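Okay, so here's the structure we're looking at.
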Amino acid sequence: MGKEPGGNVVLIGFMGSGKSTMGIRLSYQLRYALEDTDRLIEAGAGKSISEIFAQEGEEAFRQMETELLEKLAEKKGQRIYSVGGGTPVRAVNRPLLKKLGTVVYLRTRPETVYERLKDDTTRPLLQGEDPLGKIRRLMAEREQAYIETADVVLDVDEMTAEQVVERIAMCVR
């Protein structure tokens, strides 16, 4: 199912799918370092993702993302990478993500994402009219990219955090 035993794990999925939360838990379980690509980009740029989008535009951010994946794909080791929800959408990133490690897609229903994030005012997508409709549309647009990138697809809505972590851990042992 996975690639090389003991290799990196790459968590992909829509915002609110549990990438950060599962990454932390998986980090403890496997004793792997956890790296969030959005945080790495912010550290490298010296500004937040929001500031990058506002000052330089989405395309500049997406280019930073691709450049980071190229660098990370050259590293060996045992890490868990949590990547931004839009990362697999850019076609050039898909083979880089696969090269990086075993790619696990945490798939959720739009309603689950909405329930988890409805009170989060830091997410621009959820502000304004019909956030659930926006979530549904974006998830539908991204689904094929997620599927094409993933080595493993986990439907996590009905799973406990422990079950998700255990399933991912089995894929990389």
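Just so it is clear, the values below take in all heavy atoms, side chains as well, and ignore hydrogens, waters and symmetry mates. This is a predicted model, so every value here is computed, not measured.
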Practice problem: Please tell me if the side chains of Arg107 and Met139 come closer than 4.5 Å, counting only heavy atoms from C-beta onward. | Solution: no
Practice problem: Sequence neighbours left out, what passes ring-ring contact (aromatic ring centres under 6.0 Å, His included) with Tyr146? Give chain and number order. | Solution: Tyr105
Self-check item: Counterpart residues, salt bridge (Lys or Arg N to Asp or Glu O under 4.0 Å), relative to Lys47 (two or more places apart)
Solution: Glu56
Quiz item: Judged by modelled atom types alone, do Asp157 and Thr108 share a side-chain donor-acceptor pair under 3.5 Å?
Solution: no
Self-check item: Minimum side-chain heavy-atom gap Leu72-Thr37 below 4.5 Å
Solution: yes
Exercise. Determine, for Lys71 against Glu74, whether the closest basic-nitrogen to carboxylate-oxygen distance falls under 4.0 angstrom.
Key: no
Quiz item: For Phe61, what residues pass the ring-ring contact (aromatic ring centres under 6.0 Å, His included) criterion, not counting sequence neighbours?
Solution: Phe53
Quiz item: Is the shortest distance from a Lys or Arg side-chain nitrogen in Glu65 or Arg62 to a carboxylate oxygen in the other one below 4.0 Å?
Solution: yes
Quiz item: Does Lys19 reach the main-chain N or O of Leu106 with its side chain, forming a donor-acceptor pair under 3.5 Å?
Solution: no
Quiz prompt | With sequence neighbours excluded, residues passing salt bridge (Lys or Arg N to Asp or Glu O under 4.0 Å) with Arg136 | solution = Glu111
Practice problem: Quick one: list whatever passes side-chain hydrogen bond (donor to acceptor under 3.5 Å, both in side chains) with Gln63, sequence neighbours left out. | Solution: Glu67, Arg90
Would you be so kind as to tabulate the donor-acceptor pairs closer than 3.5 Å made by side chains of residues 20-30, with sequence neighbours excluded?
{"from": "Arg25", "atom 1": "NH1", "to": "Glu162", "atom 2": "OE2", "distance (Å)": "3.1"}
{"from": "Ser27", "atom 1": "OG", "to": "Tyr32", "atom 2": "O", "distance (Å)": "2.7"}
{"from": "Gln29", "atom 1": "NE2", "to": "Glu166", "atom 2": "OE1", "distance (Å)": "3.2"}

